[in-house]
Amino acid sequence: MRSIRAAATGAVMLSLALAASACGGGSSTGGGSNDSPKELTYWASNQGASIEVDKKVLQPELDKFEKQTGIKVKLEVVPWSDLLNRILTATTSGQGPDVLNIGNTWSASLQATGGLLPWDDAQFEKIGGKDRFVDSALGSTGAEGQPPAAVPLYSMAYALYYNKQMFADAGIDAPPATWDEFVTAGKKLSQDGKWGIAMEGSNPSENIHHAYVFAKQHGADFFTADGKPDFANDGAVAAVKQYVDLMAKDKVIAPGNAEYAQNQSVSDFAKGRTGMLLWQSASANLKSQGMSEDAYGIAPVPVQSGAPGPGKQVNSMVAGINLAVFKNTDNLDGATEFVKFMTSDAEQKILNTAYSSIPPVEAAQADPAFNTPANAVLKDTLAKSAVALPQVPDESQFETAVGTAVKDLFADAAAGRPVTTDSVKAALTKAQQQMPTK
């Protein structure tokens, strides 16, 4: 998903939603109604540099859909700071949109509420079949063994973006491939009021994405094989400490980044205030903020060894956005037709070009438009060195609890308070205690 900013109340609200289990209408087998066949409501997540950018991207496509089908789509672009709680409220109340974007890491959690339309093989056939989609994207659509809760819309991966001129001025010959090289480069760049890298320290799910990748590189996970929370194991503690130490010990992140949560890290990089950026499919965002594609390079996110791949060489989570349909929609046929439209080859090219993301539809991904050097890095990462976040019902609570714990550790680092192995372990233990008990 892209930079999710779930509020701390998300875990509580999700527990309520799970208890409600598909309340709010719709049949238990996944059918809505067709009482309002001429209209749909669509909640889109904020993918561009601003909500207004998203409206400019999406509205012409929605107008095209209306012209083709006669169905008017009412669009609302929902900020990431509100999206999860808006969805959970809609799940429990039954008052939500017909179609919505969900961060792909939420798929299993929202699936467990029973509020979303299941995409079984018959439903997938209505939009051209499941085999149109790449495996990495389908792997983040819900729990294994159950019909997916959503359909892939945008695929993304993390990459390292670096300012070519700042690298040259600092005498850095190539983008760092290991974290040791990354820290060394960051220290060279952190001078004269500029910094090595910007991070969204106050963004719980951005924190989770990086902490999860670091954990994989340490041979660890935040859940046991049977899906139980295990947040304070040695590998997870080492991973979170390494991440926060970029500010606390290595001093390559400005202390003010502890309060970043709204794309400020992208803006800092675009404006030349930082020399590196770790972000999901950032090209369109950077362009909208005035940064020329010639001004930066793109490389795989560093790993401990310098060679991205499976196992401990993982360097990204499988990021992306899925399209879901509320089970109690009053335009089931129209919602299905809208998903078919948005995931058509033609629309996939238009939308993923606009957001510099990768089409999860195989035919669109093969289009020459997605063979740029930047996309080559992202596609290679998705194919070889990215893993899905845990597809477990408690995933959203995990993002909130651990992401907030990391946010608090960044606040400690910014304030000059020590970040130690013990303090990290205590923070993660506290986060685990916030998880629902079975």
Side-chain angles (χ1 to χ4, degrees), residues 1-2 101-111 116-159 209 212-213 216 221 223 225 227 280-281 300-301 303 307-325 339-340 342-345 347-349 351-353 355-372 374-393 395:
M1 88 185 68
R2 170 143 7 223
N101 287 176
I102 64 172
N104 65 355
T105 65
W106 298 338
S107 295
S109 294
L110 295 177
Q111 180 182 49
L116 301 182
L117 181 75
W119 284 83
D120 56 19
D121 289 344
Q123 185 68 12
F124 258 108
E125 282 303 313
K126 296 177 183 179
I127 64 169
K130 186 184 289 187
D131 59 359
R132 296 181 60 240
F133 298 88
V134 300
D135 289 341
S136 62
L138 287 172
S140 294
T141 54
E144 187 176 354
Q146 299 182 38
V151 175
L153 179 64
Y154 312 127
S155 287
M156 304 167 194
Y158 277 89
H209 298 167
Y212 188 72
V213 168
K216 286 296 186 182
D221 206 330
F223 289 88
Q280 304 172 39
S281 307
V301 173
V303 294
K312 290 187 178 182
Q313 313 314 318
V314 161
N315 65 350
S316 178
M317 40 82 70
V318 177
I321 301 298
N322 293 341
L323 266 180
V325 174
V339 174
K340 181 178 181 180
M342 294 289 278
T343 59
S344 66
D345 294 356
E347 283 303 308
Q348 281 286 289
K349 294 173 188 177
L351 294 170
N352 284 280
T353 297
Y355 291 128
S356 68
S357 46
I358 303 298
V361 172
E362 286 188 350
Q365 189 176 117
D367 189 271
F370 300 98
N371 289 334
T372 64
N375 284 335
V377 172
L378 300 177
K379 287 196 290 186
D380 194 61
T381 296
L382 284 169
K384 300 176 182 178
S385 57
V387 292
L389 263 70
Q391 294 293 301
V392 297
E395 198 284 331

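These figures come from a predicted structure and were not determined experimentally.
Residues passing the ring pair (Phe, Tyr, Trp, His ring centres under 6.0 Å) test with Phe370, sequence neighbours excluded: none. With sequence neighbours excluded, the residues forming a side chain to side chain contact (heavy atoms under 4.5 Å, CB included) with Asp380 are Lys384, listed by chain and number. Shown here are the side chain to side chain donor-acceptor pair (under 3.5 Å) partners of Gln365, two or more places apart in sequence or in another chain: there are none. Legend: residues meeting ring pair (Phe, Tyr, Trp, His ring centres under 6.0 Å) with Phe133, ordered by chain and number and at least two apart, are Phe124. Taking Val387 as the reference, Tyr212, Lys216, Val314 meet the side chain to side chain contact (heavy atoms under 4.5 Å, CB included) condition, with sequence neighbours excluded. Judged as a side chain to side chain contact (heavy atoms under 4.5 Å, CB included), and not counting sequence neighbours, the contacts of Lys340 are Ile127, Glu337.
The CD atom of Gln123 sits 5.0 Å away from the CG atom of Leu117 when rounded to the nearest 0.5 Å. If you take CG on Leu382 and OG on Ser281, they are separated by 7.5 Å, rounding to the nearest 0.5 Å.
Residues Met342 and Val339 form no side-chain contact, since every pair of their non-hydrogen atoms from C-beta on lies 4.5 Å or further apart. Between Tyr355 and Ile321 there is no side-chain heavy-atom pair separated by less than 4.5 Å. Between Val318 and Met156 there is no side-chain heavy-atom pair separated by less than 4.5 Å. Contact annotation: the side chain of Asn101 approaches that of Leu323 to within less than 4.5 Å [non-hydrogen atoms, C-beta and beyond].
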After noting the C-alpha distance and the side-chain angles of Val392 and Phe223, does the key distance pass the side chain to side chain contact (heavy atoms under 4.5 Å, CB included) rule?
-> CA-CA 9 Å; Val392 297; Phe223 289 88; 4.0 Å; yes

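Annotation: side-chain hydrogen bond (donor to acceptor under 3.5 Å, both in side chains) contacts involving residues 128-146, sequence neighbours excluded, comprise Arg132-Asp345. Identified under the side-chain hydrogen bond (donor to acceptor under 3.5 Å, both in side chains) test for residues 310-324, with sequence neighbours left out: Ser107-Asn322, Ser305-Gln313, Asn315-Ser385.
Listed for the Ser109 side chain is a donor-acceptor partner under 3.5 Å among the backbone atoms of Glu395.
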